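The figures that follow rest on heavy atoms only: side chains count, while hydrogens, waters and symmetry mates do not. Source: prediction; values computed, not measured.
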Amino acid sequence: MGALAICIPVLGICALMMLTQGCGEDGRGGSVSNSPRLEPIRTGIGLTMLYVNPVAALVRGSAGRDPMRMDQVPVSDAVAHGFWLGETEVTQGQWRAIMGTTPWQGRPSVQEGSLVAATYISWGGGQEFCRRLTQIERSAGRLPAGHVYRLPRGGEWELACRAGSQEAYCYGADSSLLGEYAVCEESRNGEYAHEVRSRKPNAWGFYDMHGNVSELCGGGYTLSREIIARGGSWDLPALLCESAIQWEVLSGAADSVGFRPVLVSNPVEAVKDVASEAEVEEDMESSRRPIVESGPRERISTCIRLTMIQVSPDPDFVMGSPVGEAGRSKDEDQRAAPINRGFWLGETEVTQSQWHAVMGTKPWAGEAYVLEGDEVAATYVSWNDAREFCRRLTERERLAGRVPAGHSYRLPREAEWELACRAGSQAAYCYGADESGLGSYAVFGCDKESEGAHAREVKRWTLPEVPLRLLRKPNAWGFYDMHGNVSEWCEEVYSKFERVSRGGSWYEPASGCRSAVRTRDVSGARRSYLGFRAALAFSSGLESQSPQKPAINTGIGLAMLHVKAAPNFVMGSSDYEPGHDSDEAMRPVSIAREFWLAETEVTQAQWNQLMATTPWTGQPFVQEWAGVAATHVSLEHAQEFCRRLTQSEREAGRLPAGFVYRLPREAEWELACRAGSRAAYCFGWDAGLLGAYAVFDESRSGAFAHAVKTRKPNAWGFYDMHGNVWEWCEDVDRRSGGVGRGGSWGISAQDCRSALRVRFDASYRVEYLGFRPALAASSDK
């Protein structure tokens with residue numbers, strides 16, 4: 001069955017359509033009488049998947065119908081591969097069977113029932129469901145070889161919805177008949193999603209393609225490329241349930257948003273799993289763990305008596321505070337923050353004794369507002385210091401055999417910290433909304449003139465007026481001092497120079513210790529109220545990689561950083577990544593040998609020193625200064641620079657035997673850019689954080705290339721891999737002659753993603769195009 005699905009495109013799309021779909025003279029392909037040719041697939045959770053044949057030309061959209069639509073322009077494209085699509089939307093029973101959660105429970109506009117369409121499902125939650133379903137069906141032997149479940153693309157969804165019809169609805173153009181096929185505003189029995197199959201199916205057997213719930217898709221064809229949902233819903237009129245309708249949504253998670261999965265051939269997976277074996281095993285393990293409602297289920301202990309509590313993944317987590325919460329700040333807006341992997345977090349903040357055991361120092365000694373004691377939270381610790389502690393702790397625990405495979409210690413990410421702090425609560429504090437109860441959980445509100453103006457022992461407090469040591473309560477998951485005591489560093493960047501801390505501190509008022517409060521300070525700050533707790537989380541191995549060989553410094557001041565071989569590297573982006581383009585398809589690439597890559601883009605000073613020219617002089621949109629990235633450099637000129645650099649470094653005796661300088665290949669460039677990350681950017685998915693790493697349209701200080709090293713490097717030490725200037729690669733594109741990677745100062749965040757590729761004429765010499773060289777074995781030329 002699986003082999004047939006994979007081979008279908010080889011037969012020839014046009015001939016296939018004439019055989020299986022009865023191509024009409026209009027060339028659109030498909031007719032209302034078309035039925036899938038392959039047998040349905042039935043999953044272990046009772047979800048039936050119906051097969052849909054490929055088409056050579058699907059016309060999507062509907063021109064000139066209704067100006068309310070977000071996308072009216074007809075688009076003709078091919079759905080080149082056959083696929084299976086859920087006969088119905090995923091139901092509450094099916095969701096619970098896979099995920100173990102009930103995100104709709106207690107929410108407004110919900111009818112509970114095992115056959116009711118599942119709602120309040122985020123885009124990330126839908127993807128996680130598909131990933132887990134893939135693993136379960138594969139283990140059970142029900143998955144065709146080389147296939148995976150995922151969210152449908154817009155074209156796949158619309159092809160199945162139309163079932164051969166080019167009219168407004170699957171059955172024709174008359175909206176008064178829609179009630180027979182759809183739960184919509186005019187035909188619903190209540191203000192909520194209904195049971196699936198409560199209306200007639202379309203001609204190909206699919207139920208509820210119009211109405212009931214809007215269905216999340218994994219990709220779109222709008223210019224903005226936001227996440228889209230298709231098909232209308234129970235709260236929309238018939239006019240907005242037409243086949244062509246689509247909605248841009250932030251992440252889903254609403255009373256009228258659900259999904260149905262698609263089963264497709266995955267060429268990358270057919271060759272080798274996209275993730276490493278360690279990642280696949282961790283994903284399998286995460287899928288077996290209970291979701292947030294069950295709470296932590298495991299503790300581990302370190303050699304320094306730091307207890308770590310497990311937190312299960314929560315793909316539907318929403319961080320921030322609702323409008324109206326007392327004390328709320330403008331940077332606490334609620335937003336989807338899916339946490340797709342479980343992690344461990346310190347039961348307490350790191351203490352002075354734990355710090356000293358790992359670092360051998362006492363940065364708090366002799367400072368103001370300090371109580372010294374083994375169990376007192378460590379303070380006067382900068383963000384940089386805290387990260388170094390985590391690195392050293394990882395090394396110690398790994399040598400002792402106490403680090404789970406593929407894991408390392410680091411600072412918690414904000415979403416992870418807030419998930420653990422809330423412990424299931426959506427109120428201002430972990431226990432509820434009444435700040436009068438905070439004293440049972442937190443040290444806070446201390447006057448700096450008082451005797452108690454300092455961080456306290458973890459799990460305990462001492463009031464000057466009470467000669468007793470009173471236990472502070474942990475939250476529902478067992479974490480102490482998530483509110484108050486010391487503000488805790490997180491991994492994220494707040495602004496160009498500032499880092500985030502969470503949880504309030506001993507001197508903050510109650511409102512400053514809420515679960516959603518975000519504070520910040522410069523990364524080198526050491527304060528009496530700043531500390532941290534460590535997280536233990538999965539790493540791909542590459543993510544925490546440090547160079548195994550020292551940097552190589554050239555005579556022109558260009559540092560070259562070592563990158564290990566990556567024989568199983570997968571380049572490109574998944575089709576659900578916002579902004580994904582057709583030439584970014586994920587594919588395995590073997591980078592069989594080590595190489596070095598320039599820490600920065602080549603600067604004007606470095607170019608001039610080697611080439612004795614200034615091609616950017618007198619050109620528009622140029623800032624002239626020694627440290628600015630060199631621009632107005634063609635592909636041929638960049639290659640000539642590398643040739644001369646090879647010659648000069650060889651003559652100076654600084655060139656490793658058998659190596660030459662050249663432009664990086666695309667796969668090498670993307671490996672170094674990602675630095676172990678499979679997200680859209682080297683640091684993760686949140687484009688709002690890009691300004692800390694990149695000069696791009698929204699973060700630049702002028703319309704020109706900027707000086708290198710003005711932003712944060714990635715995890716491997718490379719600067720400006722996102723933004724500043726596009727960078728020439730060695731690969732030649734047959735259509736234009738050259739490929740550029742990384743984005744530039746003049747474009748949007750989405751166009752600075754790790755996987756984005758752009759083609760340039762090899763002769764281009766423009767203000768947004770530069771390069772960085774690679775150092776590699778000459779046999780790899």
Side-chain angles (χ1 to χ4, degrees), residues 496 554-560 597-649 661-664 669 673 690-691 693-711 718-733 735-749 751-752 756-774:
K496 182 177 179 181
T554 66
I556 59 172
L558 188 61
M560 307 295 293
L597 186 69
E599 178 187 36
T600 68
E601 297 151 340
V602 169
T603 66
Q604 292 177 5
Q606 291 161 349
W607 175 276
N608 188 36
Q609 185 175 345
L610 191 63
M611 304 293 285
T613 63
T614 56
W616 52 83
T617 298
Q619 299 293 337
F621 306 108
V622 168
Q623 173 187 219
E624 292 204 45
W625 184 60
V628 171
T631 56
H632 291 274
V633 176
S634 70
L635 175 60
E636 182 180 355
H637 290 156
Q639 291 169 330
E640 176 63 16
F641 177 97
C642 294
R643 189 189 66 77
R644 294 193 190 185
L645 183 60
T646 299
Q647 182 178 340
S648 66
E649 293 299 294
Y661 286 91
R662 59 165 168 79
L663 293 176
W669 186 97
C673 174
L690 184 60
Y693 295 82
V695 176
F696 65 105
D697 189 42
E698 292 91 343
S699 72
R700 70 190 187 204
S701 57
F704 41 69
H706 287 49
V708 299
K709 288 194 175 185
T710 62
R711 299 295 193 270
F718 294 103
Y719 291 84
D720 300 301
M721 298 300 285
H722 303 296
N724 208 22
V725 295
W726 289 101
E727 301 179 15
W728 285 116
C729 288
E730 185 73 11
D731 309 67
V732 175
D733 185 279
R735 288 170 287 183
S736 63
V739 176
R741 301 296 298 265
S744 74
W745 55 263
I747 61 175
S748 68
D751 290 330
C752 294
L756 192 78
R757 309 174 65 237
V758 349
R759 295 177 288 276
F760 294 110
D761 189 285
S763 64
Y764 267 24
R765 298 169 60 184
V766 290
E767 65 275 5
Y768 48 78
L769 186 53
F771 71 104
R772 75 179 73 214

Peer 1: From Leu635 CG over to Glu730 CD, what is the distance, rounded to the nearest 0.5 angstrom?
Peer 2: 7.5 Å
Peer 1: As an exercise, state the distance from CZ of Arg711 to CG of Leu690, rounded to the nearest 0.5 Å.
Peer 2: 9.5 Å
Peer 1: Taking side chain as C-beta onward, heavy atoms only, is Glu640 less than 4.5 Å from Met611?
Peer 2: yes
Peer 1: Can you spot which of His706, Gln604, Glu601 makes a side chain to side chain contact (heavy atoms under 4.5 Å, CB included) with Val628?
Peer 2: Gln604
Peer 1: Do Pro664 and Leu597 come within less than 4.5 Å of each other through their side chains, counting heavy atoms only?
Peer 2: yes
Peer 1: With a sphere of 6.0 Å drawn around CD of Glu636, does it hold more than 12 non-hydrogen atoms of other residues, nucleotides or ligands?
Peer 2: no
Peer 1: Any donor-acceptor pair under 3.5 Å linking the side chain of Arg757 with the backbone of Gly740?
Peer 2: no
Peer 1: As an exercise, state the distance from CG of Leu756 to CD1 of Ile747, rounded to the nearest 0.5 Å.
Peer 2: 6.5 Å
Peer 1: How close do Val725 and Ala705 get, heavy atom to heavy atom, and via which atoms?
Peer 2: CG1-CB, 3.6 Å
Peer 1: Donor-acceptor pair, Trp728 side chain versus Ala762 backbone, under 3.5 Å?
Peer 2: no
Peer 1: More than 12 non-hydrogen atoms from neighbouring residues, nucleotides or ligands closer than 6.0 Å to CZ on Phe718, yes or no?
Peer 2: yes
Peer 1: Kindly give the heavy-atom pair with the smallest separation between Ala638 and Val633, and that separation in Å.
Peer 2: N-CG1, 3.7 Å
Peer 1: Would you check if the side chain of Thr600 reaches a backbone N or O of Leu558 as a donor-acceptor pair within less than 3.5 Å?
Peer 2: no
Peer 1: Sub-3.5 Å donor-acceptor pair from the side chain of Glu649 to the main-chain atoms of Thr646, do we have one?
Peer 2: no
Peer 1: State whether the side chain of Thr603 and the backbone N or O of Gln606 hold a donor-acceptor pair below 3.5 Å, judged by distance alone.
Peer 2: yes
Peer 1: Check residues 766-774 and write down every donor-acceptor pair under 3.5 Å in which the side-chain atom is one partner and the other belongs to a residue at least two apart or another chain.
Peer 2:
unit_1, atom_1, unit_2, atom_2, d
Arg772, NE, Glu727, OE1, 2.8
Arg772, NE, Glu727, OE2, 3.3
Arg772, NH1, Ala598, O, 3.0
Arg772, NH1, Glu599, O, 3.1
Arg772, NH1, Tyr719, O, 3.2
Arg772, NH2, Tyr719, O, 2.7
Arg772, NH2, Asp720, O, 3.4
Arg772, NH2, Glu727, OE2, 2.8

Peer 1: A side-chain contact here means heavy atoms from C-beta on lying under 4.5 Å apart; do Met721 and Trp669 qualify?
Peer 2: yes
Peer 1: Do Val758 and Val739 touch side chain to side chain, with heavy atoms closer than 4.5 Å?
Peer 2: no
Peer 1: Within this structure, what is the CH2-CZ distance for the pair Trp745 and Phe704, rounded to the nearest 0.5 Å?
Peer 2: 9.0 Å
Peer 1: Do Arg765 and His637 have side chains that approach each other closer than 4.5 Å (heavy atoms only, starting at C-beta)?
Peer 2: yes
Peer 1: Kindly say whether Tyr693 contributes a backbone atom to a donor-acceptor pair with the side chain of His722 at under 3.5 angstrom?
Peer 2: no
Peer 1: Taking all non-hydrogen atoms of both residues into account, name the closest pair between Asn724 and Ala707 and its distance.
Peer 2: ND2-O, 4.3 Å
Peer 1: Assert yes or no for the condition that the ring centre distance of Phe641 to Trp607 is strictly below 6.0 Å.
Peer 2: yes
Peer 1: To the nearest 0.5 Å, what is the distance between OG on Ser648 and CD1 on Ile556?
Peer 2: 7.0 Å
Peer 1: Drop me the distance from Asp751's CG to Ser748's OG, to the nearest 0.5 angstrom.
Peer 2: 3.5 Å
Peer 1: Just so I know, are the side chains of Thr617 and Gln619 near enough to count as touching, which here means a heavy-atom distance under 4.5 Å?
Peer 2: no
